[in-house]
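Comments concern the structure below.
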There are 2 protein chains.
Amino acid sequence: MIQSGFLTDLYELLMVQAYLQSGLVGTAVFEFFCRNLPPNRNFLLAVGLETVLDFLQEIHFEQEGLEWLEKTGRFSSETLEYLRGFRFQGDVYAMDEGTPFFAQEPVVQVVAPLPQAQLIESRLINLLHYQILVASKAVRCRLVAKEKRLVEFGLRRAHGGEAALLAARASYAAGFDATSNVLAGRLYGIPISGTMAHSFILAHDREEDAFMAFARANRSEVVFLLDTYDTEKAAQSLAKIGPLLTREGIRIRGVRLDSGNLGEHARRVREILDSAGFHHVEIFASGNLDEHRVGELVAQSAPIDGFGVGTAMDTSSDAPYLDCAYKLQEYEGKPRRKRSEGKETWAGRKQVYRVWGRDGVASKDILALAGERVEGEPLLRPVMKDGKRLYAARPLDEIRRNVLEQLDRLPEGLRELTSSPIPYRVEISPGLASLQTHL
Amino acid sequence: MIQSGFLTDLYELLMVQAYLQSGLVGTAVFEFFCRNLPPNRNFLLAVGLETVLDFLQEIHFEQEGLEWLEKTGRFSSETLEYLRGFRFQGDVYAMDEGTPFFAQEPVVQVVAPLPQAQLIESRLINLLHYQILVASKAVRCRLVAKEKRLVEFGLRRAHGGEAALLAARASYAAGFDATSNVLAGRLYGIPISGTMAHSFILAHDREEDAFMAFARANRSEVVFLLDTYDTEKAAQSLAKIGPLLTREGIRIRGVRLDSGNLGEHARRVREILDSAGFHHVEIFASGNLDEHRVGELVAQSAPIDGFGVGTAMDTSSDAPYLDCAYKLQEYEGKPRRKRSEGKETWAGRKQVYRVWGRDGVASKDILALAGERVEGEPLLRPVMKDGKRLYAARPLDEIRRNVLEQLDRLPEGLRELTSSPIPYRVEISPGLASLQTHL
């Protein structure tokens with residue numbers, strides 16, 4: 001992860017220079033939220049918080065960059081000194097990582113001296129936006145895939161290397177089982193998974209030779225790619241060499257189908273494998289899959305045990321960005337309200353309350369002023385004080401369990417791929433409403 | 001940039017293990033190409049090559065990762081030793097960075113021992129795919145913006161930090177003038193540009209105070225954001241304080257409009273500024289802009305001097321990924337052809353020839369076998385030999401000039417935002433066609 005403070009928009013530095021010169025260094029409250037949900041999303045998942053806390057603990061302005069910045073001639077020695085000594089020392093309140101949330105609800109709230117809260121804006125949004133985006137897409141795959149295995153493998157078409165890492169993290173948090181990304185496996189402790197590429201088959205004169213060579217070199221967890229020439233013929237040749245490989249102590253885990261009518265191929269391949277006694281060999285499907293294709297294949301009861309999802313998820317292709325913002329809501333105790341056309345915000349420092357029904361299912365949320373007494377469970381909790389984490393970084397597996405539990409506590413209509421006819425209710429509290437009238 | 005070899009898909013490592021065990025270490029030819037163009041794209045721009053060459057020169061498998069990999073129990077000591085000593089030592093042929101290209105045309109060709117050419121696959125695609133994607137979107141903005149100023153500022157909604165850096169690089173290469181991304185400015189020498197955020201205005205009790213404070217702290221290149229409360233009133237208050245600031249030696253560069261009907265606001269703000277004698281103060285527009293909105297505003301002759309383009313470009317929102325691939329085309333001199341349904345490729349090691357008309361405009365391309373004699377200028381040139389660059393890294397400004405020159409040499413229909421009724425012709429050479437028949 002890039003932790004340089006220079007990964008920011010120039011305007012943050014220009015504003016900090018002005019804040020320092022005017023002495024505007026009082027306490028500011030900024031909130032990160034999404035103005036609205038993309039089409040077909042009934043909720044978003046708050047994923048990325050630990051990554052943000054890492055960033056806040058590590059952000060710094062390195063010497064080399066400061067020298068470069070000085071040469072631009074736009075910064076005073078006071079500003080440069082400030083950046084040189086910069087450490088984030090603010091407080092952070094946030095929803096637990098893995099919490100479903102809705103439009104207008106603050107997910108992360110930063111309470112810090114104005115220049116500090118401002119300086120972290122660009123990268124904080126950058127880290128949160130993408131992970132929420134991917135997790136909110138990944139969870140849709142999980143909802144339709146039911147108990148089937150889901151593997152993230154979008155590295156090649158993710159937008160850059162960091163996106164690939166963050167996509168592996170966010171999709172695992174949202175219920176995926178593994179990633180193909182080796183570095184993500186190492187950094188985040190995500191199980192890694194891999195088969196073979198068409199090039200491997202093509203490099204051999206005969207497909208069967210390729211299968212044998214791959215199996216003998218790898219021996220366990222072996223997954224064969226079947227569609228380089230003819231999927232069913234490849235399954236037959238595997239059925240033929242399978243017993244030999246088994247005798248050699250090689251563990252064939254499965255086969256992968258990557259093109260054509262996946263449901264049809266899976267049925268025929270299942271028959272071929274079963275006839276040869278390879279009932280335990282699993283069938284994985286891949287190739288331009290997204291939550292809709294996965295859902296169709298599961299609904300057809302195609303005999304597919306697992307799915308590889310890559311490009312569509314890592315780019316969130318049907319909704320490649322969120323309308324999210326990080327806005328100043330309060331400065332030195334006074335609420336602030338922007339009135340730009342079409343971009344009005346709910347001013348004031350807020351809290352989100354979730355009201356649970358007797359069945360343990362969420363019945364509504366209330367967007368209220370922080371400190372206002374309303375019913376429900378407050379979702380924003382203190383996670384950082386004076387720049388220090390209030391608890392050890394939460395393991396990704398714990399976040400993943402939290403997501404899966406939270407899904408069960410969402411109203412059923414929200415768990416569909418299309419917009420729920422009854423959208424989830426987010427009420428505005430009396431205190432928050434009357435504040436807007438007064439401003 | 002992440003240069004760790006572990007930023008790869010597990011299957012690359014599994015295949016390498018098998019190649020090494022079977023002694024498949026002969027020379028392979030892989031080609032990176034796009035199977036087809038996204039909707040409304042008449043061409044793509046080959047951007048990202050220098051980044052790929054940096055990666056090939058620096059890729060390595062660090063000790064910490066090797067120890068981790070060993071613990072997975074899936075790799076032999078021979079494979080681990082191979083990775084430990086890994087350096088890319090192959091040859092690379094590529095189109096000049098900034099060259100327009102079309103479906104099926106190889107953009108980068110790697111000629112290297114099979115395990116080497118295989119190992120670099122995932123990251124090579126990751127780096128090229130995204131930069132081509134962004135550059136091909138950015139160039140559309142440049143085509144409609146004509147001579148107006150274009151600034152990239154998509155950091156916050158780019159997919160991760162590396163994407164933000166690469167988007168700044170790719171869009172500048174494709175004709176943008178500046179970026180808001182400070183680190184990108186430093187790393188790539190791109191001019192940086194910045195205004196102020198709404199939070200800056202909101203932190204002050206009065207908008208006028210905010211303007212004064214910002215101007216006095218920054219003094220030159222000052223750009224005021226006008227739409228926090230009421231765009232025209234903000235312009236009037238600027239007209240009022242402008243003379244004072246000017247007397248103080250402050251250089252007001254411009255104003256930024258970020259919401260509402262940008263064309264209308266620009267007209268009214270222009271009038272207000274002109275009446276106050278501020279003819280030199282430029283008007284910048286931003287807020288959900290893409291090439292279509294920029295094109296409309298330019299077509300309406302809105303008095304806008306520059307545009308900030310962010311999210312739509314950095315996520316290539318209308319086409320967030322390309323159908324690109326990196327495929328084995330030849331192994332030990334023998335052409336290889338995949339036959340997966342719907343994914344057939346043109347087998348064999350290839351060259352792309354561009355045929356120029358007398359007017360200097362490209363008239364067609366010919367996709368041919370490498371070494372086949374056909375008319376036209378060969379576009380794939382040697383850029384790396386035995387893992388070493390054949391020339392110093394090309395400066396980004398030179399690449400940018402190349403793009404702008406190449407644009408003038410494209411048939412006019414291709415420079416429109418919609419699909420050209422006459423698509424550009426890419427012929428298959430007799431040699432390449434007959435090879436496919438023989439395979």
Side-chain angles (χ1 to χ4, degrees), chain A residues 2 4 6-11 14-15 17-18 21-22 24 65 68 114 122 125-126 129-130 153 155-157 159-163 166 180 182-183 186 192 194-200 202-203 213-214 217-218 227-229 259-260 311 315 317 320-321 328 331 336 338-343, chain B residues 2 4 6-11 14-15 17-18 21-22 24 65 68 114 122 125-126 129-130 153 155-157 159-163 166 180 182-183 186 192 194-200 202-203 213-214 217-218 227-229 259-260 311 315 317 320-321 328 331 336 338-343:
Chain A
I2 304 165
S4 166
F6 292 107
L7 183 57
T8 191
D9 291 304
L10 177 62
Y11 80 172
L14 300 176
M15 288 188 280
Q17 174 150 276
Q21 185 163 319
S22 316
L24 258 71
W68 176 85
L114 180 56
S122 307
I125 299 177
N126 174 270
H129 167 266
Y130 182 60
F153 56 39
L155 162 55
R156 64 192 57 201
R157 295 209 194 89
H159 293 179
E162 202 183 87
L166 294 175
S180 68
V182 181
L183 190 56
R186 192 183 125 210
I192 52 175
T195 63
M196 59 174 68
H198 297 106
S199 53
F200 186 83
L202 293 172
F214 189 84
N218 288 302
D227 76 321
T228 308
Y229 304 112
S259 55
T311 305
T315 66
S317 58
Y321 63 88
L328 178 69
Y331 180 62
R336 303 285 161 163
K338 175 179 168 187
R339 292 197 304 268
S340 315
E341 298 162 57
K343 290 187 179 176
Chain B
I2 304 165
S4 165
F6 292 106
L7 184 57
T8 190
D9 292 303
L10 177 62
Y11 81 171
L14 300 176
M15 289 189 280
Q17 174 150 276
Q21 184 163 317
S22 316
L24 258 73
W68 176 86
L114 180 55
S122 307
I125 298 177
N126 173 269
H129 167 266
Y130 182 60
F153 57 39
L155 161 55
R156 63 192 57 201
R157 294 212 194 88
H159 293 178
E162 201 183 88
L166 294 174
S180 67
V182 181
L183 190 56
R186 189 182 127 211
I192 51 176
T195 63
M196 59 175 68
H198 297 105
S199 53
F200 186 84
L202 293 172
F214 189 84
N218 289 301
D227 76 321
T228 307
Y229 304 111
S259 56
T311 305
T315 65
S317 58
Y321 62 88
L328 178 69
Y331 180 62
R336 303 283 160 163
K338 175 179 168 186
R339 291 197 304 268
S340 314
E341 298 161 55
K343 290 187 179 176

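Heavy atoms only: backbone and side chains are in, while hydrogens, waters and symmetry mates are out. Residue numbers begin at 1 in each chain, while the letters A, B, ... track the order of the sequences.
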- Answer with side chain, backbone, both or neither: which region of B:Tyr11 has an atom nearer than 4.5 Å to a non-hydrogen atom of chain A? both
- Task: Hey, can you tell me if A:His159 and B:His129 have their rings parallel, tilted or perpendicular (30° and 60° cut-offs)?
- Result: tilted
- Using non-hydrogen atoms only, which part of B:Glu162 is less than 4.5 Å away from chain A: side chain, backbone, both, or neither? both
- Query: Are the side chain of B:Arg156 and the backbone N or O of A:Ile125 linked by a donor-acceptor pair below 3.5 Å?
  - Reply: no
- Query: If every non-hydrogen atom of B:Phe200 is compared with every non-hydrogen atom of A:Met15, which pair is closest and at what distance?
  - Reply: CB-SD, 3.4 Å
- Note on the structure: When the 4.5 angstrom heavy-atom criterion is applied to B:Phe6 and chain A, the contacting part is both
- List the atom of B:Asn218, the atom of A:Ala18, and the distance in Å for their closest heavy-atom pair. ND2-CB, 4.5 Å
- Is there a side-chain contact between A:Ser317 and B:Tyr321, using heavy atoms and a 4.5 Å cut-off? yes
- What's the verdict on side-chain contact (heavy atoms from CB on, under 4.5 Å) for A:Val182 and B:Trp68, showing C-alpha distance, side-chain angles and the deciding distance? CA-CA 10 Å; A:Val182 181; B:Trp68 176 86; 3.7 Å; yes
- Query: Quick one: of A:Tyr331, A:Tyr130, A:Tyr229, who has the most non-hydrogen atom pairs under 4.5 Å with chain B?
  - Reply: A:Tyr130
- Query: Which atoms of B:Ser22 come close to chain A, meaning under 4.5 Å heavy atom to heavy atom: side chain ones, backbone ones, both, or neither?
  - Reply: side chain
- Note on the structure: Residue from B:Gly194, B:Ser4, B:Ser122 scoring the most non-hydrogen pairs under 4.5 Å with chain A is B:Gly194
- Non-hydrogen atoms of chain B under 4.5 Å away: do they reach the side chain of A:Ile2, the backbone, both or neither? side chain
- Message: Need one label for A:Leu114: side chain, backbone, both or neither, based on atoms under 4.5 Å from any heavy atom in chain B.
- Response: side chain
- Message: Using every non-hydrogen atom in the two residues, find where A:Thr195 and B:Leu14 come nearest and quote the distance to one decimal.
- Response: O-CD1, 3.9 Å
- Query: Can you tell which of B:Thr8, B:Leu183, B:Asn126 has the highest number of heavy-atom pairs within less than 4.5 Å of chain A?
  - Reply: B:Asn126
- Could you have a look at B:Leu328, B:Thr315, B:Asp9 and say which one has the most heavy-atom pairs with chain A under 4.5 angstrom? B:Asp9
- Return the option, out of A:Ala213, A:Gly65, A:Ala197, with the maximum number of heavy-atom pairs under 4.5 Å with chain B. A:Ala197
- Message: Counting heavy-atom pairs under 4.5 Å with chain A, which one of B:Arg186, B:Gln21, B:Arg336 comes out on top?
- Response: B:Arg186
- Among A:Leu10, A:Thr228, A:Thr311, A:Ile192, who wins on heavy-atom pairs under 4.5 Å with chain B? A:Leu10
- Message: Counting only non-hydrogen atoms closer than 4.5 Å, does B:Leu7 touch chain A with its backbone (N, CA, C, O), its side chain (CB onward), both, or neither?
- Response: both
